[in-house]
Amino acid sequence: GIAYNYEGPEVLERQVFRISTMMTSPPWLAVILVPLLAFLSLLVYTKVREHQRADPDRLRSQKAFVRFKQRVGAMGGKGALESDACAALLDAVRTYLADKLRHETRALTFTDIEKELKDQRIDAAVLERLKGLLAACELGSYSGMGLHRPFEDLVKEALDVIRSFDRATR
């Protein structure tokens, strides 16, 4: 080109452009790999978000036990004869079941969900314990006559039953 016109052919060098030389040069590697890695990370992020948004109730179902423990832990100071304490425990159990089974309503009874639980092949002993827990909570909150045992024992049983149920539904 221009250098040939002024200096002569000895100034011109033959430069070979090969992919092997490009791959050994850090700036060229950065130019090629940074956009590729950015694209791949964005693709993975969007696929994960798509998967999460495809089933929004899945996260609600997975976090049901944690929320149940928080609600039961918050009611620890209530008295044994208070029907409000039994009603709060009953509401916590119903909310847990609604979240875990992906139901919209929290006004669940055992007969509402019994067939669904049997279809999921939940152990009969766990189902009987859950039925007994719901019956005890309903007795304490609706009858107004109090419980046949201390409220703290009912809370411990509720945690134990729900923990067993949570393990059975995984």
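Hydrophobic clustering of Ile, Leu, Val, Met, Phe, Trp and Tyr side chains at less than 4.5 Å, counting indirect connections, unites Phe110 with Tyr142.
For Asp166, the salt bridge (Lys or Arg N to Asp or Glu O under 4.0 Å) test picks out Lys100, Arg170, with sequence neighbours left out. Under the salt bridge (Lys or Arg N to Asp or Glu O under 4.0 Å) criterion, Asp153 pairs with no residue, sequence neighbours left out. With sequence neighbours left out, Thr95 forms a side chain to side chain contact (heavy atoms under 4.5 Å, CB included) with Arg71, Asp91, Asp99, Arg106.
Counting only heavy atoms from C-beta outward, the side chains of Ile162 and Val93 approach each other to under 4.5 Å.
The two residues Ser141 and Cys86 come nearest to each other via the heavy atoms N-CB, 3.6 Å. In this structure, Glu104 and Asp57 approach most closely via the heavy-atom pair OE2-OD2, 4.4 Å. Looking at every heavy atom in both residues, Leu159 comes nearest to Phe65 through O-CE1, 4.5 Å. For the pair Ala92 and Val72, the tightest heavy-atom approach, listed with the atom from each and the gap, is CB-CG2, 4.4 Å.
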What side-chain donor-acceptor pairs closer than 3.5 Å can you find for residues 22-32, not counting sequence neighbours?
from	atom 1	to	atom 2	distance (Å)
Thr24	OG1	Thr21	O	2.9

Which atom pairs, one a donor and one an acceptor, fall under 3.5 Å between side chains of residues 116-123 and the rest of the protein, sequence neighbours left out?
from	atom 1	to	atom 2	distance (Å)
Glu116	OE1	His103	NE2	2.7
Lys118	NZ	Glu114	OE2	3.4
Asp119	OD2	Lys115	NZ	3.3

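Annotation: the span from Leu97 atom CG to Ile113 atom CD1 amounts to 4.5 Å, rounded to 0.5 Å. Between Leu89 atom CG and Glu138 atom CD the span is 11.5 Å, to the nearest 0.5 Å.
Evaluation of the side-chain hydrogen bond (donor to acceptor under 3.5 Å, both in side chains) test over residues 43-56, restricted to residues two or more places apart or in two chains, returns Asp55-Arg102.
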